[in-house]
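Bear in mind that the values here come from a model prediction, so they are computed numbers and not experimental data. So that the names make sense, note that chain A is the first sequence line, chain B the second, and so on, each numbered from 1. Just the heavy atoms: all of them, side chains too, but no hydrogens, waters or symmetry mates, feed the values below.
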2 protein chains.
Amino acid sequence: MEERIDRIKKQLHIAGYKLTPQRESTVRVLLENETDHLSAEDVYLLVKDKSPEIGLATVYRTLELLTELTIVDKINFGDGVSRYDLRHEGAQHFHHHLICISCGAVDEIHENLISDAEKVVEERYGFKIKDHRLTFHGICHRCQDKE
Amino acid sequence: MEERIDRIKKQLHIAGYKLTPQRESTVRVLLENETDHLSAEDVYLLVKDKSPEIGLATVYRTLELLTELTIVDKINFGDGVSRYDLRHEGAQHFHHHLICISCGAVDEIHENLISDAEKVVEERYGFKIKDHRLTFHGICHRCQDKE
DNA sequence: GTCTTTGCAAAACGTTTGCAAAGTA
DNA sequence: TACTTTGCAAACGTTTTGCAAAGAC
């Protein structure tokens, strides 16, 4: 936890930014809820519990900054809000998501499922890949068991 | 063109809806701009050229309806607007996208690049896939040539 | 003292909704 | 007639912005 905060602090400094108390609170909330997919509002409410003076705009600005530095990834599951997901330590690729259309759960897949696809895209389409988004929509194993 | 309109008309009728002039204009715009990735506003402006009386709300309602019937797919490239993409005739899977972070171009890939990944997801994660979204972000071949 | 960051409120933006009028079977 | 669809304007929810105050180096 503390090492990860430290590393993020360094990343900010290198880019010319400070890890202010508000930014640190925001980062901590993201770290403590790493498997969730929090919206800016979600983050704001959680940060507010511990630092009630924080403003929503600051949370938005912090999330934008973290996105720029690829510390978090901004994702959109099509429900009208952006969600923010910490990029995993040393992961060169953004993980994939399984969205259950029955219960709404969002599960993560951390193994790389598309290295073959990437090869095709780079070689056959001459496209230099920097990032990707892969999301499956369907029925999760829990909802299938219920039936 | 006309056959595709007819087929969509039938799909609407089966589901209990009519192909009104406004809906037809909207569908025509989508067909005429099939490789683009139009936002609701884009569609509205194009429809307005030919049918100036149409309202933006009608376009939104039509696009929502077409999405429900899986005639179009609603996609979100993370720029704050939903875009609408005609599902290809007989395509059992939604196509993939290459987004150039240099020039903003969005290219489509119609071959299925992720059948292996889908197998893994279904078998190893017990997830019943209904749909997917795969987008690559990077530098397109045109921008690479420019350098 | 300069430059960055913050909180607040207002504004902006895309999208949805209520409703009365128009259209359709 | 009963039901669907439309256009308009207003409302909505999320995100961004202007600005003066506070903070950091």
Between A:R83 and A:D73 (salt bridge meaning N to carboxylate O under 4.0 Å), is one present in this structure?
no

With the threshold set at 4.0 Å, does a side-chain nitrogen-carboxylate oxygen contact exist between B:E24 and B:R28?
yes

So which of B:H132, B:H37, B:H110 actually passes ring-ring contact (aromatic ring centres under 6.0 Å, His included) with B:H97?
B:H37

Does the ring of B:F94 carry B:R133 above it, NZ/CZ under 6.0 angstrom from centre and within 45° of its axis?
yes

Answer with base, sugar-phosphate or nothing: what part of the nucleic acid does A:E53 contact at a heavy-atom distance below 4.0 Å?
sugar-phosphate

Nearest whole Å is fine: how far is C:dG14 C1' from B:L63 CG?
13 Å

Would you indicate whether the side-chain heavy atoms of A:E118 and A:N112 approach each other to under 4.5 Å?
yes

Would you give a per-nucleotide map of nucleotides 16-25 of chain D, 5' to 3', where B means the base has a protein non-hydrogen atom under 4.0 Å away, S means only the sugar-phosphate does, and - means neither?
BBB-------

Hey, is the side chain of B:S82 poking within less than 4.0 Å of OP1 or OP2 on C:dT15, counting only N and O atoms?
yes

Main chain of A:G78, side chain of A:N76: is a donor-acceptor contact present, judged purely on distance under 3.5 Å?
yes

So B:E41, base contact, sugar-phosphate only, or nothing? Heavy-atom distance under 4.0 Å.
nothing

For B:V81 and A:L65, find the nucleotide of DNA chain C closest to each by heavy atoms; which residue's nucleotide sits nearer the 5' end?
A:L65

A:L12 CG to C:dT4 P, in whole Å, measures 15 Å

